[in-house]
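Everything below concerns the one structure shown next.
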Amino acid sequence: MPLQLIAPFLAAKNPAALVCELLHKHDLKRIAESTVRRLSLYLSFLEGIERQGLNTISSDELARLGGTTSAQVRKDLSLFGSFGKRGLGYSVPELSEKLREILGLGKQWRVCIIGAGKIGAALARYRGFAERGFIVTAVYDIDEAKIGKRWEALTVRPVSELEKDAAKQDFDIAVVATPAESTPGVVKQVVRAGIKAILNFAPIQLSVPAAVTARTVNMAVELEGLSFALSNRGA
């Protein structure tokens with residue numbers, strides 16, 4: 001599975017599970033996951049624009065990049081305060097900084113990966129996560145052939161050690177990249193370990209306590225969305 005397909009989901013979905021204190025001040029329950037995902041996209045666009053040396057952007061331009069409307073952009077941002085000036089648009093550096101604050105990207109989040117297969121390896125080696133504050137600090141697997149193998153600075157550890165390690169390392173997020181049949185059992189271990197956020201790559205619906213936030217990356221659904229778009233294009 002290409003890393004280019006995998007990486008955007010962490011960038012876009014993980015913040016929904018890890019919204020910082022500012023979101024709590026604005027009542028997290030009323031902030032839709034779709035809104036948080038758009039905020040992450042806006043930030044990505046703004047960072048690209050900033051690299052081009054541009055200092056301002058309008059809601060129309062941001063909407064065009066995000067495939068939405070200027071009214072939606074203004075509505076999303078208004079949930080967190082007043083941004084921009086009528087007729088002048090948004091300051092790119094200021095809005096970028098504010099979105100990083102809203103998405104909790106000024107912090108560092110400790111991430112463990114469970115499943116030392118191809119997806120887990122791709123995620124562990126992706127440099128962009130550290131740039132966003134997601135630091136992979138441990139990798140686990142159940143396969144004896146993989147346990148003890150080196151992944152750059154990390155050594156694959158037995159998943160049976162997860163709870164003990166979590167008590168010391170205080171993981172914020174568990175990325176579960178295990179086969180579907182073993183994922184429910186792994187998720188139970190994650191919950192017992194006290195980890196409050198889970199990103200799941202198995203194509204199954206997770207059942208977790210209310211105190212735990214879980215997100216599932218369903219590649220089939222995303223690809224079907226692309227299939228729909230391609231199939232319904234005008235001639």
Side-chain angles (χ1 to χ4, degrees), residues 1-19 23 30-52 54 56-80 83-84 89-90 92 95-96 99-100 102-105 113 115 117-123 125-129 131-132 134 173 175-180 183 197-206 213-235:
M1 185 179 297
L3 182 56
Q4 292 90 335
L5 286 177
I6 298 173
F9 288 98
L10 275 184
K13 291 188 176 181
N14 269 340
L18 294 169
V19 175
L23 272 179
R30 71 183 181 92
I31 307 299
E33 182 182 348
S34 57
T35 300
V36 179
R37 187 169 185 177
R38 284 194 299 272
L39 294 179
S40 186
L41 289 174
Y42 299 156
L43 176 58
S44 176
F45 300 141
L46 289 166
E47 289 175 336
I49 291 166
E50 199 168 7
R51 286 193 292 270
Q52 296 173 32
L54 301 177
T56 60
I57 187 171
S58 68
S59 57
D60 286 334
E61 292 171 309
L62 203 51
R64 178 179 56 80
L65 290 170
T68 185
T69 65
S70 58
Q72 184 66 67
V73 171
R74 292 192 294 271
K75 180 180 178 182
D76 290 340
L77 297 177
S78 70
L79 293 170
F80 305 96
F83 302 91
Y90 303 107
V92 172
L95 186 55
S96 296
L99 288 178
R100 290 188 194 100
I102 290 169
L103 293 170
L105 299 180
I113 294 176
K118 292 181 180 179
I119 293 177
L123 293 171
R125 291 167 181 156
Y126 179 57
R127 305 290 185 186
F129 296 149
E131 295 172 4
R132 273 289 196 263
F134 301 103
I173 309 168
V175 176
V176 179
T178 54
T183 295
I198 300 170
L199 185 66
N200 167 46
F201 279 84
I204 62 170
Q205 189 67 37
L206 299 183
T213 301
R215 297 287 184 268
T216 294
V217 176
N218 192 323
M219 298 301 297
V221 168
E222 301 298 334
L223 289 171
E224 286 162 7
L226 292 175
S227 172
F228 175 83
L230 290 172
S231 300
N232 288 276
R233 278 182 173 176

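Numbers for residues simply follow the sequence, beginning at 1. All values below were derived from every heavy atom in this structure, side-chain atoms included, with hydrogens, water molecules and symmetry-related copies excluded.
The residue from Thr183, Val217, Ile113 that alone fulfils the side-chain contact (heavy atoms from CB on, under 4.5 Å) condition with Phe201 is Val217.
Judged as a salt bridge (charged side-chain N to carboxylate O under 4.0 Å, His left out), and not counting sequence neighbours, the contacts of Arg127 are Glu152. Taking Glu224 as the reference, nothing meets the salt bridge (charged side-chain N to carboxylate O under 4.0 Å, His left out) condition, with sequence neighbours excluded.
Thr69 and Gln72 share no donor-acceptor pair across their side chains, judged by distance under 3.5 Å alone.
Minimum interatomic distance between Phe45 and Leu65 (heavy atoms only, all atoms of both residues): CZ-O, 3.2 Å. Heavy-atom minimum distance, Ser59 versus Ser70: OG-CB, 3.6 Å. Closest approach of Ala202 to Ala180, counting heavy atoms only: CB-CA, 4.0 Å.
Atom CZ in Phe80 sits 7.0 Å away from atom OG1 in Thr35 (nearest 0.5 Å). The CG atom of Leu79 sits 8.0 Å away from atom CG of Leu39, with the distance rounded to the nearest 0.5 Å. Rounding to the nearest 0.5 Å places CG of Leu105 at 5.0 Å from CG of Leu103. To the nearest 0.5 Å, the span separating CD1 on Ile49 from CG on Leu54 amounts to 7.0 Å. Summarising the geometry, atom CG belonging to Leu77 is positioned 6.5 Å from atom OH belonging to Tyr42; distances are rounded to the nearest 0.5 Å. Between atom CD1 of residue Ile119 and atom OG1 of residue Thr178 there is a gap of 9.5 Å, rounded to the nearest 0.5 Å.
At least one side-chain heavy atom of Ser96 sits less than 4.5 Å from a side-chain heavy atom of Val92. Side-chain contact between Leu46 and Tyr90 is absent, with no heavy-atom pair separated by less than 4.5 Å. Two residues are said to be in side-chain contact when any heavy atoms from C-beta on lie closer than 4.5 Å; Arg132 and Leu43 meet this criterion. Thr68 has its side chain out of reach of Asp76: every pair of non-hydrogen atoms, C-beta onward, lies at least 4.5 Å apart. Looking at Lys75 and Arg38, their side chains never come closer than 4.5 Å, going by heavy atoms from C-beta outward.
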